[in-house]
Amino acid sequence: MAKYPLRILALVYLLFLLVLPVGLVVWRTFDKGLGRIADVLTSPNFTHAFAVTLSVAIWAVLANTIFGIGAAILLVRHRFPGKRLLGALIDLPLAVSPVVVGLALILVYGKFAPAGGWLEDHGLQIIFSLPGMVLATIFVSLPLVVRAIVPVLEEMGDEQEQAAHTLGASRWQAFRRITVPGIRAALGYGVVLCLARALGEYGAVAVVSGRLVGQTQTATLYVEERYQNYDQTAAFTTATALALIAIVILLITKLLRPKEND
């Protein structure tokens, strides 16, 4: 009999925490009519903010995909001193506040920091530009691909790869024909999660971007800027667009989730 009160409690909890707030945002989006929404979606600042968001997300996903595959294979297939420390460092972004991440990047790559000053002297600005936003997004989404692949690699074992090596296959051939097909679903799942995290990142990006309208403003920063300037329709429209993207990504993750994790 306890399952029914628990179900009701869970539904009520989700209703007031998730469904009502998001539903209210969607309702306020259409409050001024479709014409106003069309104006927002075609405005230069909106399109530029989404272009910056996609650019940052694509670079972050690409970097974390390459790193995630390599790190997962290293953690599962090899034994070496400091293995547990490496695993802890990979999980560190899950525990550190994104704002702290942004501040740390400024201390390292800021104009008056040794590394940042040297890079700027050679024509590469990190903070308050796209590279810094990419670095911040890479950091906060770092563990997602790794942690999606590691359990699958552990369950696969390395027997098939060892057999391929004894038959004369190179490491690259074994990786391409055995490892990649085995982790394909988990890799896709991790990539989609990384993309979702990158598209919705706010805290770290807000610190390192400078929030320059029309230059380093992402979609999440655009929502805040428009709302603070009393342009609620633009803020709610952008928030609804981000919510719809999140829903689509959620559906994709359900399709890509490895069966052994169900």
Main-chain N/O of Glu225 paired to Gln228 side chain as donor or acceptor, under 3.5 Å
no

Val191 side chain near Asn64 side chain, heavy-atom distance below 4.5 Å
no

Find the distance between CD (Gln215) and OG (Ser129) and round it off to the nearest 0.5 Å.
10.5 Å

Do Arg211 and Thr216 make a side-chain contact, defined as non-hydrogen atoms from C-beta onward lying under 4.5 Å apart?
no

Where Ala60 and Thr137 come nearest, the two heavy atoms and their spacing
CB-CG2, 3.7 Å

Residue pair Leu103 / Val207: nearest heavy atoms and the distance that separates them
N-CG1, 3.8 Å

Single-linkage hydrophobic cluster, 4.5 Å side-chain cutoff, Phe67 and Val101 together
no

Any sub-3.5 Å donor-acceptor pair from Ser43's side-chain atoms to Val40's backbone N or O?
yes

Leu74 side, atom CG; Ile90 side, atom CD1 - distance, nearest 0.5 Å
8.0 Å

So that I can tick it off, tell me whether Arg77 and Glu161 are bridged by a salt bridge, with the cut-off set at under 4.0 angstrom between side-chain N and carboxylate O.
yes

Give the intermediate values and the outcome of side chain to side chain contact (heavy atoms under 4.5 Å, CB included) for residues Ile245 and Leu199.
CA-CA 9 Å; Ile245 293 173; Leu199 290 175; 3.7 Å; yes

Answer with yes or no whether the hydrophobic clustering places Ile37 together with Leu244; edges join I, L, V, M, F, W, Y residues whose side-chain heavy atoms lie under 4.5 Å apart.
no

Could you report the tightest heavy-atom contact between Met156 and Glu159, atom names first, then the distance?
O-OE1, 3.7 Å

Cluster link Ile138 to Ile106, ILVMFWY, side chain under 4.5 Å:
yes

Tell me, do Gln217 and Val52 make a side-chain contact under 4.5 Å, heavy atoms counted?
no

Can you tell me if Ser141 uses its side chain to pair, donor with acceptor, with the backbone of Cys194 under 3.5 Å?
no

Is there a side-chain contact between Thr238 and Tyr227, using heavy atoms and a 4.5 Å cut-off?
no

What is the distance from atom CG of Asp91 to atom CG of Leu142, rounded to the nearest 0.5 Å?
9.0 Å

If you round to the nearest 0.5 Å, how far is CZ of Phe80 from CG of Leu86?
5.0 Å

Is any side-chain heavy atom of Leu144 closer than 4.5 Å to a side-chain heavy atom of Arg197?
yes

Taking all heavy atoms of Ala239 and all of Val25, pick out the closest pair and write down the distance.
CB-CG1, 3.9 Å

Hey, quick one: are Leu34 and Leu41 part of the same hydrophobic cluster, counting side-chain heavy atoms closer than 4.5 Å, chains of contacts allowed?
yes

Any donor and acceptor pair, going by atom type alone, linking the side chain of Glu201 with main-chain N or O of Gly203 inside 3.5 Å?
yes

Does the pair Asp121/Lys111 count as a salt bridge with the N-to-O cut at 4.0 Å?
no

Output the distance between atom CD (Gln173) and atom CZ (Arg176), rounded to the nearest 0.5 Å.
6.5 Å

Do Leu221 and Ser209 have side chains that get closer than 4.5 Å, going by heavy atoms?
yes

Please evaluate residues Thr53 and Thr220 with respect to the criterion side chain to side chain contact (heavy atoms under 4.5 Å, CB included), reporting the C-alpha separation (whole Å), side-chain torsions for both, the decisive distance (0.1 Å), and the verdict.
CA-CA 8 Å; Thr53 301; Thr220 52; over 6 Å; no

Closest non-hydrogen contact found for Pro44 with Thr47 is O-OG1, 2.9 Å

Evaluate the side chain to side chain contact (heavy atoms under 4.5 Å, CB included) criterion for residues Phe50 and Leu242: first the C-alpha distance (whole Å), next the side-chain angles of each, then the deciding distance (0.1 Å), finally the verdict.
CA-CA 10 Å; Phe50 260 92; Leu242 289 172; 4.0 Å; yes

Can you tell me if Arg28 and Gln232 form a side-chain donor-acceptor pair at under 3.5 Å?
yes

Show the numbers, then the answer: is there a side chain to side chain contact (heavy atoms under 4.5 Å, CB included) between Tyr222 and Val213?
CA-CA 8 Å; Tyr222 179 77; Val213 177; over 6 Å; no

Atom CG of Leu193 and atom CG of Leu250: how far apart are they, to the nearest 0.5 Å?
9.5 Å

Among side-chain atoms of Thr29 and Thr240, is any donor-acceptor pair under 3.5 angstrom?
yes

Is it the case that one hydrophobic cluster holds both Val205 and Tyr109, taking links as side-chain heavy atoms less than 4.5 Å apart, direct or via other members?
yes

Is it true that atom CD of Gln160 has more than 12 heavy atoms of other residues, nucleotides or ligands lying nearer than 6.0 Å?
no

Give me the atom names and distance for the closest heavy-atom approach of Ala148 to Tyr189.
CB-CD2, 4.2 Å

Validation row: Val208, Leu135 side chains within 4.5 angstrom (heavy atoms):
no

